[in-house]
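Working notes, structure below.
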There are 4 protein chains.
Amino acid sequence: MTGDRRPGRPRSEATRRAILAAAIDELTERGYAQLSVEGIAARAGAGKQTIYRWWPSKADVVLDAMLDEAASLIAVPDEGSLAADLAGFLVDTFRQRGQRPVLVGLMAEALLDPVFAVQFRDRFLFGRRDALRTVLARAADRGEIAADVDPEMLLDIVFGVLWYRLLLDHAPLDEEAGRQLATLVVRAAR
Amino acid sequence: MTGDRRPGRPRSEATRRAILAAAIDELTERGYAQLSVEGIAARAGAGKQTIYRWWPSKADVVLDAMLDEAASLIAVPDEGSLAADLAGFLVDTFRQRGQRPVLVGLMAEALLDPVFAVQFRDRFLFGRRDALRTVLARAADRGEIAADVDPEMLLDIVFGVLWYRLLLDHAPLDEEAGRQLATLVVRAAR
Amino acid sequence: MTGDRRPGRPRSEATRRAILAAAIDELTERGYAQLSVEGIAARAGAGKQTIYRWWPSKADVVLDAMLDEAASLIAVPDEGSLAADLAGFLVDTFRQRGQRPVLVGLMAEALLDPVFAVQFRDRFLFGRRDALRTVLARAADRGEIAADVDPEMLLDIVFGVLWYRLLLDHAPLDEEAGRQLATLVVRAAR
Amino acid sequence: MTGDRRPGRPRSEATRRAILAAAIDELTERGYAQLSVEGIAARAGAGKQTIYRWWPSKADVVLDAMLDEAASLIAVPDEGSLAADLAGFLVDTFRQRGQRPVLVGLMAEALLDPVFAVQFRDRFLFGRRDALRTVLARAADRGEIAADVDPEMLLDIVFGVLWYRLLLDHAPLDEEAGRQLATLVVRAAR
DNA sequence: AGATAAACGAGACGGTACGTCACGTCTTAGG
DNA sequence: CCTAAGACGTGACGTACCGTCTCGTTTATCT
């Protein structure tokens, strides 16, 4: 019953989507380093100002695009044991490896722009982190995690390895790696 | 018997040092995002061409500057137990936290420029990694690492957490954290 | 018998006046070069479309504003001699010197936009010119103008000097100048 | 000898000429209103920055171009009588009528930009004015100008008519007009 | 009274050009 | 041959306005 419309022409949903799609396309085709607001606008058939009106930087466009398509892709597994849950989470996450260029670009931007870094952390990274934190909490309830173990450090181990391999690309990020890491984390927790 | 002097004016060591120093100064004062070849040259009282003649990109300048001052700072501890060695290594490493802006900048560049990424890995990251690998090898000899554990994954856990916290700055990177991580890694290894 | 009222909401006279006033205000405060349709609309509390609905360009708004307030300010002096009439006309005209920024702006626009130039000539310049032509015609009847003198050239001399000084601002445009010019024109006519 | 070369790469004369030529070409082809720095740069095969490095505005480029080709085109006639000299000067000046678009554009810019107005006056307009002033001074020596006549007003009459017709384009600016105006000015002077 | 219709404010839209910044290359003179 | 200086072509930045296009709302006339 709201009907609280602001005056003036409403934002064009079609344009919004065209911009997000163009951003992803440009990024995967030419890489984050070559990504430009001008390029996105041109490919989307939009004016530059339309982008600047709604997003503070090109990285925010990309982040929005990611979140738009990956919405609620974060499953919280619950299979009864930490080992199974961890392996499930990691295998599931590693499966999305195709997004590497996007993720690497976003991280690069976050490293260069502190303002964007906050967005990146809060809207993207912490979402996944919260999911895994739930898994750990359940494991703790089942007594699978020793009292003297800080769950946050366990989270950092999981995501640390994940991002380290993602960024450096020096070692595989596949199912085998997921199972290996899960085993080690379970042992470390006790 | 003088040796292989090439003809023409020799490279100026003073200028080389001035450029490296200017790069570090600019970076710490204004941040990596604001770093420019032009700025480095101006501050060093050098010509831009002089920089381009010797380094392919500004990131290489910064990397050289890092390596120049951090030369052989990587100690390989050997105190008789994995726990002690790991804790020593981590505490030692975490102590250099003041270099965060530099490290973050280099990583950002590596993410954006694949050519530089190779330099960064080979000349910087893998140096530390080799040091720690030695530590792990010794621990394996002492039977502190189970046979089914891939030491490379242990390395990734250590450096993963390290870089993850360094890049995200969401949790401390202090002695306490070092000891905590060391404990968990030891447990994971067996 | 009211007449041909079209259906729909009638044009708002209040808005019309607000726009004209805003245009003059903006112009005198910030100069013609800084004048923008957006600025006029904002100051008038009007929508841009309302301006574009009624005027083809911002210059037309300014011209309308000028004509609105200067309506029938053109007196046709008739004092019995060309010298007196001319001096009267010039002194009278020069007295409006405060409008210099407006006039200069309109001329600039006319030079850049041929469509507006026609409006400017027909609705503004030629009005004054007709007034002076009447004066000259009377003088011719009195025999004050030689047969071989083209009155149009005399008009161009008067308005030429007027606009030249107005545009260049290199010499005064005061009563003294008005009398001087009148004297010379009388002599030139015979 | 001097040899006072500044260090660094010297300004490119070829580029300078290409820019001036491109400016004139763009102007005559598309008109002053459509003239853009970007267009000039593109046509000249130059970077925008190169234009901004040497000229404060596009109008200054055009002014330079004008002066470059019209250098010392201002002849000072000396035929023994004011009538002959004036007619000569005017006919000569009117002959360059092809430059109308350029002159009109420069004047428009001068009206909009006070900084450029100074350049325009001092470097262009006052050159012609000085030439004619010399002619009048000689006429005064010969007694052709009454003592009570201000020569500056005579100058304004000549240039006023010239520019008035040039800008408004409502009456011819040909030889016949030149002779007519000359006759009137001679009579006005006495 | 209700329907119709134009004008209005607001403001989003696709564009064009602005003037600036830094890039990496080049062209000088001089050590 | 190296260096400092600095001009060059290039390309992207973020901004300002342009003139057009929806919106919901207001204000009149015409059933």
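Below, chain A is the first sequence line, B the second, and so on; all start at residue 1. These numbers were taken from a predicted model, which means no experiment stands behind them.
Between the C1' atom of dT15(F) and the CD atom of Gln49(A) lies a distance of 7 Å, rounded to the nearest Å. Atom pair Ile40(C):CD1 and dC18(F):P shows a separation of 8 Å (rounding to whole Å applied). Atom CG of Leu112(D) is separated from atom P of dC18(E) by 14 Å (rounded to the nearest Å). One interatomic measurement links the two molecules: CD1 of Ile51(B) to C1' of dG6(F), which rounds to 14 Å at whole-angstrom precision. As rounded to whole Å, 14 Å separates atom P of dC18(F) from atom CG of Asp113(C). Per the geometry, OH belonging to Tyr52(A) stands 7 Å off P belonging to dT15(F), to the nearest Å. Between Arg6(A) atom CZ and dC13(E) atom P the separation is 11 Å, expressed in whole Å. Computed from coordinates, the Glu38(D) CD to dT15(F) C1' distance equals 13 Å when rounded to whole Å.
A salt bridge is defined here as a Lys NZ or Arg NE, NH1 or NH2 lying under 4.0 Å from an Asp or Glu carboxylate O, and Asp68(B) with Arg16(B) meets this definition. In summary, Arg43(B) and Glu38(B) do not engage in a salt bridge, as defined by a charged side-chain N under 4.0 Å from a carboxylate O. Ionic pairing of Lys58(D) and Glu26(D) is not present here: no N-O contact between side-chain nitrogen and carboxylate oxygen is shorter than 4.0 angstrom.
Residue-to-nucleotide contacts include a donor-acceptor pair under 3.5 Å from the side chain of Arg9(D) to the base of dC26(E). With hydrogens and angles left out, the side chain of Lys48(C) and the base of dG9(E) share no donor-acceptor pair within 3.5 Å.
Residue contacts shown for Gly39(D) are absent, as no nucleic acid heavy atom lies under 4.0 Å away. Looking at heavy-atom distances under 4.0 Å, Ala46(C) makes contact with sugar-phosphate atoms alone, never a base.
Closest-nucleotide positions on DNA chain F for Arg11(D) and Ser57(C) were compared, and the one nearer the 5' end corresponds to Arg11(D). Heavy-atom distances to DNA chain E give each of Ser36(D) and Arg16(C) a nearest nucleotide, and the one nearer the 5′ end belongs to Arg16(C). When the nearest nucleotides of DNA chain F are assigned to Gln34(C) and Arg53(B) by heavy-atom distance, the more 5′-ward of the two goes with Arg53(B). Each of Pro10(A) and Pro10(D) has a nearest nucleotide on DNA chain E; the 5'-most of these lies closest to Pro10(A).
With Arg121(C) contributing its side chain and Ala110(C) its backbone, the two residues share no donor-acceptor pair below 3.5 Å.
The phosphate of dA7(E) (OP1 or OP2) has no side-chain N or O of Thr50(C) nearer than 4.0 angstrom. Applying the 4.0 Å criterion to OP1 and OP2 of dG9(E), one finds that Thr15(C) has a side-chain N or O inside that range. Between Trp55(D) and dG19(E), a side-chain N or O to OP1/OP2 separation shorter than 4.0 Å is absent. Look at Trp54(D) and you won't find any side-chain N or O under 4.0 angstrom from OP1 or OP2 of dG6(F).
Using a 4.5 Å cut-off on side-chain heavy atoms (C-beta onward), Arg11(A) and Arg6(A) make no contact.
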